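Just so it is clear, the structure is predicted and the values come from calculations on it, not from any experiment.
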Amino acid sequence: MKSNLMKKFTYIFLFYCSVISIFNSCKQFKNTITDTLTEKKSSIENINSLSTNDEEKEIPFFNNLEVLNEAENSLKNLPEFKGKSIFIYKSIYFYTNYRIILKLQNPNNPLFVDEYKYENGKWGEPSPIRLSKNDDVQSNVINLNRIPFRNVSNVYNTLLEKQKEINSKASDITIDAQYYNNKINWYPTRISNERYEYEIRFNEDGTLESFEML
């Protein structure tokens with residue numbers, strides 16, 4: 001009788017031990033899954049964070065050849081210029097905030113000049129420029145093909161290289177091209193550091209022509 005009772009208690013004890021063991025295993029398994037999901041979530045958040053940071057590191061306008069080419073092509077495809085040559089009058093300005101301002105010879109009347117602005121990824125409506133009788137439009141225009149927008153990237157990279165070379169702290173850059181006496185002059189033509197000022201000159205394509213201390 002005692003032997004049977006002891007066996008019964010032994011079986012009950014082993015049964016409870018098995019239940020407890022299974023419960024602990026399930027709990028451990030659950031914790032493992034929870035930890036794994038938490039790690040995956042953390043990894044995804046880190047990847048998304050890195051992607052966001054990469055997107056925030058926007059390419060400077062002067063070096064964004066895709067946008068520069070797109071701006072030039074969209075100008076050529078404006079209704080008034082489609083299939084026609086485009087002539088810049090005197091100057092073109094590039095700004096860090098993805099803006100371009102230039103004056104163009106009117107395609108329908110060569111005596112007229114209009115100002116065009118590229119903002120927010122598109123060209124606005126032209127604004128007429130008031131001229132005087134002394135303004136010789138024809139002598140002050142240059143074909144757009146001689147100043148492709150991508151050349152501003154050469155100017156920008158040269159400026160950055162020389163600024164680094166002389167330890168210049170200048171950061172706000174506006175780049176423009178001026179046409180005079182059948183020559184393209186890129187600006188700025190001066191950069192400086194705390195001690196000296198330097199003259200910098202560019203070739204027509206925006207590459208370095210000369211650099212010297214003043």
Side-chain angles (χ1 to χ4, degrees), residues 46-78 81 86-104 115-124 127 129 140-214:
N46 289 336
I47 291 171
N48 289 338
S49 177
L50 288 172
S51 299
T52 302
N53 289 337
D54 287 341
E55 289 172 1
E56 288 175 354
K57 293 176 182 177
E58 190 176 12
I59 301 173
F61 180 37
F62 305 130
N63 256 350
N64 199 325
L65 298 181
E66 182 180 348
V67 174
L68 289 166
N69 288 332
E70 184 180 310
E72 183 176 331
N73 289 332
S74 62
L75 178 64
K76 292 176 179 178
N77 285 317
L78 289 178
F81 293 117
I86 299 177
F87 292 92
I88 297 173
Y89 178 71
K90 288 188 176 181
S91 62
I92 176 171
Y93 291 83
F94 298 88
Y95 300 88
T96 54
N97 58 354
Y98 281 68
R99 292 172 63 238
I100 302 172
I101 298 178
L102 75 169
K103 297 180 180 68
L104 301 176
E115 183 177 79
Y116 285 77
K117 293 182 180 180
Y118 182 80
E119 297 177 291
N120 301 317
K122 62 181 181 180
W123 293 98
S127 301
I129 297 298
N140 290 286
V141 293
I142 179 174
N143 196 300
L144 174 62
N145 293 332
R146 277 185 64 186
I147 314 181
F149 291 178
R150 64 179 178 273
N151 283 358
V152 74
S153 179
N154 294 332
V155 177
Y156 178 66
N157 288 323
T158 300
L159 281 172
L160 289 186
E161 179 186 338
K162 292 305 178 183
Q163 284 182 335
K164 184 177 180 180
E165 184 180 306
I166 66 171
N167 195 29
S168 172
K169 305 298 183 182
S171 58
D172 188 19
I173 300 174
T174 297
I175 298 175
D176 61 281
Q178 304 286 335
Y179 178 68
Y180 182 71
N181 282 344
N182 199 35
K183 180 176 171 57
I184 298 171
N185 298 294
W186 287 97
Y187 292 84
T189 57
R190 298 281 193 279
I191 61 174
S192 60
N193 56 23
E194 294 178 346
R195 302 288 183 182
Y196 300 100
E197 187 172 29
Y198 298 78
E199 180 183 66
I200 185 167
R201 295 289 180 182
F202 304 91
N203 296 310
E204 185 170 299
D205 65 355
T207 57
L208 182 66
E209 179 182 312
S210 64
F211 183 69
E212 60 181 345
M213 184 189 300
L214 297 176

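In this pair, Phe81 and Tyr116 present their aromatic rings tilted. The plane angle is within the 30 to 60° band.
Remark: the backbone N or O of Ile147 is not paired with any side-chain donor or acceptor of Asn151 at under 3.5 angstrom.
Between Lys76 and Ile86, the closest heavy-atom pair is CA-CD1, 3.7 Å. Contact record, Ser192 with Ser168: O-OG, 2.8 Å, taken as the closest heavy-atom pair.
Residue Tyr196 holds its OH atom at 11.5 Å from CD1 of Ile166, rounded to the nearest 0.5 Å. Rounding to the nearest 0.5 Å places CD of Glu197 at 9.5 Å from CD1 of Ile191. One finds the CG atom of Leu78 at 11.0 Å from the CG atom of Asn73 (value rounded to the nearest 0.5 Å). Here the CG atom belonging to Leu160 is positioned 7.5 Å from the CG atom belonging to Asn63, to the nearest 0.5 angstrom. Interatomic distance, Tyr89 OH to Leu104 CG, rounded to the nearest 0.5 Å: 12.5 Å. With rounding to the nearest 0.5 angstrom, the CD1 atom of Ile100 is 7.5 Å from the CG atom of Leu102.
The side-chain hydrogen bond (donor to acceptor under 3.5 Å, both in side chains) contacts involving residues 90-99 comprise Asn64-Tyr98, Tyr93-Gln178, Arg99-Glu119, where partners must be two or more places apart or lie in separate chains. The salt bridge (Lys or Arg N to Asp or Glu O under 4.0 Å) pairs that include a residue from residues 153-170 are Lys162-Glu165, where partners are two or more places apart or lie in different chains.
Asn77 meets the side chain to side chain donor-acceptor pair (under 3.5 Å) test with no other residue; sequence neighbours excluded. With sequence neighbours excluded, the residues forming a side chain to side chain donor-acceptor pair (under 3.5 Å) with Arg190 are Glu199, listed by chain and number.
Counting heavy atoms from C-beta on, the side chains of Ile59 and Val67 never come closer than 4.5 Å. At least one side-chain heavy atom of Leu68 sits under 4.5 Å from a side-chain heavy atom of Phe94. Contact of the Ile92 side chain with the Val152 side chain is not registered, since no non-hydrogen atoms from C-beta on lie closer than 4.5 Å.
Ring centroids of Tyr118 and Phe61 are separated by 6.0 Å or more, keeping the two rings apart.
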When the side chains of residues 207-214 are checked against the rest of the protein, which donor-acceptor pairs come out under 3.5 Å, sequence neighbours left out?
from   : atom 1 : to     : atom 2 : distance (Å)
Thr207 : OG1    : Asn203 : ND2    : 3.0
Thr207 : OG1    : Asp205 : OD1    : 2.6

Show every donor-acceptor pair shorter than 3.5 Å between a side-chain atom in residues 181-189 and any protein atom, with sequence neighbours excluded, or say none if there are none.
from   : atom 1 : to     : atom 2 : distance (Å)
Asn182 : OD1    : Arg146 : NH1    : 3.1
Asn182 : OD1    : Tyr179 : OH     : 2.9
Trp186 : NE1    : Glu204 : O      : 3.1

Verdict with reasoning, Val155 to Phe62, per side-chain contact (heavy atoms from CB on, under 4.5 Å) | CA-CA 9 Å; Val155 177; Phe62 305 130; over 6 Å; no
